[in-house]
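What's counted below: heavy atoms across the whole structure, side chains too, no hydrogens, waters or symmetry copies.
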Amino acid sequence: MTAPLLHISSATDCPQQADTVVIGGGIVGVSTAYWLARAGQKVVLLEKGRIGAEQSSRNWGWCRQQNRDARELPLSRVSLSLWEEMMQDCGAEIGFRRCGLIYLSNDEAEIEGWARWGRFARGEGVDTRMLTATEAAERGAATGQAWKGGVWSPTDGIANPAAAAPMIAQGIEKHGGIVLQECAARGVETSGGAVSAVVTEKGVIQTKQVVLSGGAWAGSFLHQLGVFFPQSSVRSSILSVAPGAQGIPDAVHTKEVSVTRRGDGGYTLAISGLAKVDPTPRMLRGSKHFLPMFLRRWRSLAPGGTQAWRSGFDGLKEWKLDQPTPMEQMRILDPRPDAGTIAKTLACGRQLFPALQKVPLQASWASYIDSTPDGVPVIDSDIGVPGLALAAGLSGHGFGIGPGVGHLMADMLLGRAPVTETAQYKLSRFTQSQWGKVSDF
């Protein structure tokens, strides 16, 4: 069984015109379209498969400020409030709540790293609290072991990956927008060098404004327009266990394993640093851009296989707009999870949290997490083609900051004062070296 996902119905007829077309129905795409629709725009959201079916339903579900890179921290702070606002408008199934996040460790260097971040973050108004050994043992009582220390971030929380994007998509329709599933955007047409239309498999939509929020697909899509977006993806494997375990906090991170309570009462289990690198044509061509990140994070990566290459989401092939594209051949990226990673994760989870020994494995899945060379997203309305904007490369942080990314993109397109500063999210920053700029988290 793969990652759970709430399926929703949506429109079937392709409109002929829109103020803005948003391509990609993950958390960033639905959030962007939602805020544009709330502002009164005639917006169309295109999703080649099902809303939220890729990385947006396959993540931990964490919505955090804790341990954010300084460039993302303002956006994460804004997003927590926006999660609450969107849930009130779109429905409780979004599942956002500020349950607090617990970090536990026996590694003094790791604890000191959290402490350094905390000293910075408290100056930015973040509520982050270091835990003594006694306090860590109390917070981590479900593990039944001692800890040297930890962190408690009480205002952070979690949302429901299985339902958040679909419920926000229904919010788009509530505010007059159109959501189309099973409708791939094949490409963008231009007139006089500026966006004039989006060609879909169901027809052409005339528009002067397009937002590409295609996740792992974004780089190959932009390649068709001659726009270079340095992007690389890794395959992450995680699992869920059935409901029934008692006494485990809602969200706990340790080096051994991290657990998150799911909407059905079960838990998601994952281990940071066990990603697999599945090479792709664009990854190999753009590898020089990722050298600083690789040298920083090589211990967290391992060679993968050929799944990504065969999936076609990150290729160099140029396609024609009047013929089926790779997006129609691969509606949903659903890679096989790594069996060894799943077995290790389940064993570590049950060893660290004895209550998990009483509940069975429920499901396991994998996803492709797309990243930029510095681990910070691109959110930019000026990427070289007038009328074309980009919100992608969320680097494993997209679910939690998705509402803020969408709001910031809407601000840019509508000419409003942005909810946060924007300079750090420009695509043009990759014309310079990323040495010394790679995110620590």
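A salt bridge is defined here as a Lys NZ or Arg NE, NH1 or NH2 lying under 4.0 Å from an Asp or Glu carboxylate O, and Asp250 with Arg261 meets this definition.
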Show your reasoning for whether side-chain contact (heavy atoms from CB on, under 4.5 Å) applies to Arg38 and Glu85. CA-CA 12 Å; Arg38 278 192 57 167; Glu85 183 176 343; 3.1 Å; yes
Determine whether Leu414 and Trp35 satisfy the following criterion, side-chain contact (heavy atoms from CB on, under 4.5 Å), listing intermediate values before the conclusion. CA-CA 10 Å; Leu414 297 171; Trp35 294 114; over 6 Å; no
Would you please test Glu318 and Gln224 for side-chain contact (heavy atoms from CB on, under 4.5 Å) and show each step? CA-CA 6 Å; Glu318 295 187 7; Gln224 311 303 310; 3.7 Å; yes
Can you check side-chain contact (heavy atoms from CB on, under 4.5 Å) on Gln65 and Thr128, steps first, answer last? CA-CA 9 Å; Gln65 301 163 97; Thr128 175; over 6 Å; no
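With a 4.5 Å cut-off on side-chain heavy atoms, Ser31 and Val405 do not count as touching. A 4.5 Å side-chain heavy-atom check between Tyr267 and Thr260 finds every atom pair outside the cut-off. With a 4.5 Å cut-off on side-chain heavy atoms, Ser220 and Arg282 count as touching.
Side-chain contact, Asp278 with Gln307: no donor N or O sits under 3.5 Å from an acceptor N or O. No hydrogens or angles considered: nothing links the side chains of Glu84 and Ser81 as a donor-acceptor pair under 3.5 Å.
The backbone N or O of Thr155 lies less than 3.5 Å from a partner atom in the side chain of Arg98, making a donor-acceptor pair.
Judged as a side chain to side chain contact (heavy atoms under 4.5 Å, CB included), and not counting sequence neighbours, the contacts of Arg285 are Leu316. With sequence neighbours excluded, no residue forms a ring pair (Phe, Tyr, Trp, His ring centres under 6.0 Å) with Phe221. Evaluation of the side chain to side chain contact (heavy atoms under 4.5 Å, CB included) rule for Ala302 yields Lys276 as partners, not counting sequence neighbours. Checked against side chain to side chain contact (heavy atoms under 4.5 Å, CB included), Cys14 has the following partners two or more places apart in sequence or in another chain: Leu180, Thr200, Lys202, Ile205. Taking the salt bridge (Lys or Arg N to Asp or Glu O under 4.0 Å) definition, one finds that Arg296 meets it with Asp440, sequence neighbours left out. In terms of the salt bridge (Lys or Arg N to Asp or Glu O under 4.0 Å) criterion, Asp382 has no residue partners (sequence neighbours excluded). When the salt bridge (Lys or Arg N to Asp or Glu O under 4.0 Å) test is applied to Asp264, no partner is found at least two apart in sequence or on another chain. Residues forming a ring pair (Phe, Tyr, Trp, His ring centres under 6.0 Å) with Trp309 (at least two apart in sequence, or on another chain): none. Evaluation of the salt bridge (Lys or Arg N to Asp or Glu O under 4.0 Å) rule for Glu201 yields Arg331 as partners, not counting sequence neighbours. Residues meeting the ring pair (Phe, Tyr, Trp, His ring centres under 6.0 Å) test with His223, sequence neighbours left out: none.
Once rounded to the nearest 0.5 Å, the distance linking OG of Ser79 with CD1 of Ile27 reads 9.5 Å.
Here salt bridge (Lys or Arg N to Asp or Glu O under 4.0 Å) pairs that include residues 371-381, with residues two or more places apart or in two chains, are Arg71-Asp374, Asp374-Arg429, Asp380-Lys426.
Using a 30° and 60° split on the angle between ring planes, Tyr34 and His175 fall in the perpendicular class, above 60°. Taking the six-membered ring for Trp and thresholds of 30 and 60 degrees, Tyr103 and Trp62 have ring planes more than 60 degrees apart, a perpendicular arrangement.
Within a 6.0 Å sphere centred on CD of Glu124, heavy atoms belonging to other residues, nucleotides or ligands number more than 12.
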Please list every donor-acceptor pair under 3.5 Å in which a side-chain atom of residues 383-397 meets a protein atom from a residue at least two apart or in another chain.
residue, atom, partner, partner atom, Å
Ser395, OG, Ser371, OG, 3.4
Ser395, OG, Thr372, N, 3.3
Ser395, OG, Gly393, O, 2.9
His397, ND1, Glu72, OE1, 3.0
His397, ND1, Glu72, OE2, 2.9
His397, NE2, Ser395, O, 3.3
His397, NE2, Phe441, O, 3.3

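Centroid-to-centroid, the aromatic rings of Trp83 and Phe399 come within less than 6.0 Å.
When Arg235, Gln55, Arg58 are each tested for a side chain to side chain donor-acceptor pair (under 3.5 Å) with Ser367, only one passes: Gln55.
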